[in-house]
Amino acid sequence: MKILFIGDIVGKPGRELIRKGLPGLADRLEVDLVIANAENAAAGFGVTKDIGDALLESGVHVMTSGNHIWAKKDVIEYIGGEPRLLRPANYPAGVPGRGSYVAQTGDGRAVGVINVMGRVFMQSIDDPFTVVLKEIEAMRGRTKVIVVDFHAEATSEKVAMGWYLDGKVTLVVGTHTHVQTADERILPNGTAYITDAGMTGPHDSIIGMEREPSLARFLNGMPSRYEPATGNPRLNGVVIEADDKTGRALAISRVSYSEKDLAAMAHEEADQVKA
Ligand SMILES: [Fe+2]
Ligand SMILES: [Fe+2]
């Protein structure tokens with residue numbers, strides 16, 4: 001089966017790429033399931049019910065998140081009733097929402113999705129390494145194909161998670177830095193790995209935000225208000241191919257599409273339907 005994982009969707013420019021481009025892209029790539037990190041979908045910080053529902057409507061099957069998940073107040077109610085929106089599984093017991101979900105492809109094949117968050121240069125929550133194993137064990141009987149979104153800052157912690165889970169899951173994909181890395185590979189025991197899937201949002205920016213106020217923080221050390229940027233929106237992510245029976249990854253490739261690339265694919269799909 002083929003799975004598309006989409007890196008952090010940032011603000012309206014990111015959402016528009018998904019709304020206009022995802023249906024054509026998913027057809028073109030012939031993917032069976034789409035997973036997207038939605039932690040920055042609402043103006044760069046958090047996600048709301050309206051926004052989450054719209055992403056699901058556009059063809060995202062499961063949404064993962066990270067440190068920004070709690071930014072919008074209405075998410076607490078939304079995440080309680082929407083199992084397809086995940087928060088990191090290693091938040092302490094009693095926190096609303098869940099950190100894993102077993103999705104079904106259109107033809108009824110199961111895919112497990114787990115979201116955990118790193119602790120290096122981030123808020124220190126429960127141990128992601130211990131928690132992720134528990135989550136994997138809990139879904140093992142239901143699916144061989146398992147995707148782990150490891151939302152973390154430090155490349156060392158992310159690479160460590162890749163090796164830790166090699167042979168235990170199908171894909172370990174990093175999110176959070178918003179910069180796509182070029183280290184995608186299949187580890188020796190069959191787990192596909194990439195340190196960061198990148199960002200689905202405005203790339204003429206500082207990790208999704210307007211350059212001026214972000215740069216000002218570095219120049220003068222004073223607080224300034226981050227505003228989501230708009231320029232040069234691109235959809236970033238990875239596509240993997242997996243063996244359903246073993247759960248091993250067979251291939252992983254990075255993707256990065258402009259609005260124009262996505263529009264061309266959408267038109268091709270429409271032409272094929274007409275023909
Ligand atoms: Fe993010
Ligand atoms: Fe993040």
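Here the structure is a predicted model, which is why all the values come from computation and not from measurement. Numbering of ligands and ligand atoms starts at 1, following listing order.
A salt bridge links Arg28 with Glu268; the closest basic N to acidic carboxylate O contact falls under 4.0 Å.
At distances below 3.5 Å, at least one donor-acceptor pair connects side-chain atoms of Asn37 with backbone N or O atoms of Ser65.
Coordination check, His151 versus the Fe ion (ligand 2): passed, since an N/O/S atom of the residue sits under 2.8 Å. Residue Thr175 does not count as close to the Fe ion (ligand 2), with no N, O or S atom under 2.8 Å.
Geometry at the Fe ion (ligand 1): OD2/Asp8 and OD1/Asn40 form an angle of 100°, nearest 10 degrees. Put simply, the angle at the Fe ion (ligand 2) from OE2 in Glu39 to ND1 in His176 is close to 140°, to the nearest 10°.
For the pair Leu165 and Val148, the tightest heavy-atom approach, listed with the atom from each and the gap, is CD1-CG2, 4.0 Å.
Residues Thr177 and Asp196 bring a donor and an acceptor atom of their side chains to less than 3.5 Å of each other.
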